[in-house]
Amino acid sequence: FLATRADAVAAVSPLLSRELSRASGRAVHPLPIPWPVPPPMTPEERRVARAALGIDPSANVVLYAGNLDPYQGLDSLGRAFERVAAHRARLVLLLATESAPLEMVRHLGPWGRPSVVRARLRTETDRRLVHAAASVAVVPRRSPGGLPVKLLDALARGLPTVAVRRALAGHDLADALVLAEDDDDASLAAAIDTSLALSAVERSSLVQRGRQIVSASFSDAAFLTAHHCALAEATLGA
């Protein structure tokens, strides 16, 4: 209803743009979220981060960074973690959140609970610390629509990232991450395993593509170009 009455409409992802356009019968402009690309994390920074969080330097660390609301798909993440933990030693789920951690723990069986490390996510220092300590970031998603900012954050920081297709929200990011073939826990577990098995060369190539895509497609310039298109439609309508 609101879209049909507005002078112009914009959405935070291509998927949401398509859905709103289909529902309203009018053009909806996707706006890429402007996202910074910080300096790459150094090997020394990674070592210090693990020491600060009490994580074994040789552990495989899977990072989930974000809130623990049901739309995130935490049940799939919990089951996927259990699958990987069943055959991969020294696996740690690094749970970086400002939500009550019990919301995640209830999705984990006895296998996973001893291997969960909790961390804060309030400040830039907190966010950089947990990404530096991780081997891979994982992005589940239950509800389609907006793009999870945790996905952009992990890619921009140069961390190998696993995501279900729904989390991409229509953005062309598949070449910059390890994509779960489906949105279920078995596919997510397989993608986590694939990411942890990457060679040093494969890992370096993947994270470089991720940083490049965020730098180009989610820049201030990309946002302003899309924003001007939406404003132009509003001006023509006036």
Side-chain angles (χ1 to χ4, degrees), residues 1-37 63-77 79-80 136-157 159-192 194-195 206-207 209-234:
F1 173 76
L2 291 174
T4 60
R5 296 177 62 86
D7 293 319
V9 187
V12 296
S13 73
L15 174 61
L16 187 57
S17 173
R18 290 195 297 269
E19 292 299 318
L20 286 174
S21 181
R22 185 179 299 114
S24 65
R26 61 168 303 168
V28 177
H29 303 270
L31 293 185
I33 302 171
W35 204 262
V37 178
L63 170 66
Y64 174 81
N67 69 61
L68 302 181
D69 293 338
Y71 73 85
Q72 300 282 13
L74 301 177
D75 52 343
S76 291
L77 174 59
R79 291 193 300 267
V136 59
V138 61
V139 186
R141 187 76 171 188
R142 176 68 63 217
S143 300
L147 178 70
V149 296
K150 66 176 72 64
L151 178 56
L152 294 183
D153 203 23
L155 293 175
R157 293 179 191 277
L159 184 61
T161 304
V162 169
V164 300
R165 188 174 297 278
R166 189 182 293 117
L168 275 59
H171 283 289
D172 186 14
L173 296 169
D175 288 342
L177 46 77
V178 179
L179 185 65
E181 291 301 323
D182 206 342
D183 292 318
D184 60 27
D185 55 285
S187 297
L188 188 56
I192 292 171
T194 296
S195 69
L206 187 68
V207 301
R209 288 198 301 273
R211 284 171 60 85
Q212 289 172 342
I213 286 178
V214 174
S215 179
S217 300
F218 297 88
S219 64
D220 291 352
F223 170 83
L224 289 172
T225 297
H227 191 243
H228 287 155
C229 288
L231 289 180
E233 181 186 350

Residue pair S24 / T4: nearest heavy atoms and the distance that separates them: O-CG2, 3.7 Å

Between P30 and P32, the two heavy atoms sitting closest are O-CD, 3.8 Å

Would you say that P160 contacts V207 through its side chain, given a criterion of any heavy-atom pair below 4.5 Å between the two side chains? yes

Heavy-atom pair with the smallest gap, counting every atom of I213 and A176: CD1-CB, 3.7 Å

Roughly how far, to the nearest 0.5 Å, is OG of S13 from CZ of R18? 8.0 Å

Between S76 and L188 the two heavy atoms that sit nearest each other are O-CD2, 4.1 Å

Do S215 side-chain atoms and R211 backbone N/O form a donor-acceptor pair below 3.5 Å? no

What I'd like to find out is whether the side chain of L151 reaches to under 4.5 Å of the side chain of L173, using heavy atoms alone. yes

Measure the shortest side-chain to side-chain distance between H29 and S17 over non-hydrogen atoms and say whether it is less than 4.5 angstrom. no

Distance (rounded to the nearest 0.5 Å) between R141 CZ and R165 CZ: 16.0 Å

Locate the shortest heavy-atom distance separating S195 from V178; write the atom from each residue and the value. CB-CG2, 4.0 Å

Can you tell if the side chain of S217 reaches within under 4.5 Å of the side chain of H171, non-hydrogen atoms only? no

Do L168 and L177 come within less than 4.5 Å of each other through their side chains, counting heavy atoms only? yes

Of all heavy-atom pairs between D7 and R26, which one has the smallest distance, and what is that distance? O-NH2, 3.4 Å

To the nearest 0.5 angstrom, please state how far the CG atom of L31 sits from the CZ atom of F223. 5.5 Å

Heavy atoms, side chains only, cut-off 4.5 Å: are T161 and V139 in contact? yes

Heavy-atom neighbours of R209 CZ exceed 12 at 6.0 Å: yes

How far does CG of L179 sit from OG of S187, to the nearest 0.5 angstrom? 9.5 Å

Can you find a pair of side-chain heavy atoms, one from L77 and one from V138, that are under 4.5 Å apart? yes

dist D175:CG -> L206:CG (nearest 0.5 Å) comes out at 9.5 Å

May I ask you to test the L20-L16 pair for a side-chain heavy-atom distance under 4.5 Å? yes

dist L159:CG -> D153:CG (nearest 0.5 Å) comes out at 9.5 Å

What do the steps show when you test F218 against V37 for side-chain contact (heavy atoms from CB on, under 4.5 Å), and what is the final call? CA-CA 10 Å; F218 297 88; V37 178; over 6 Å; no

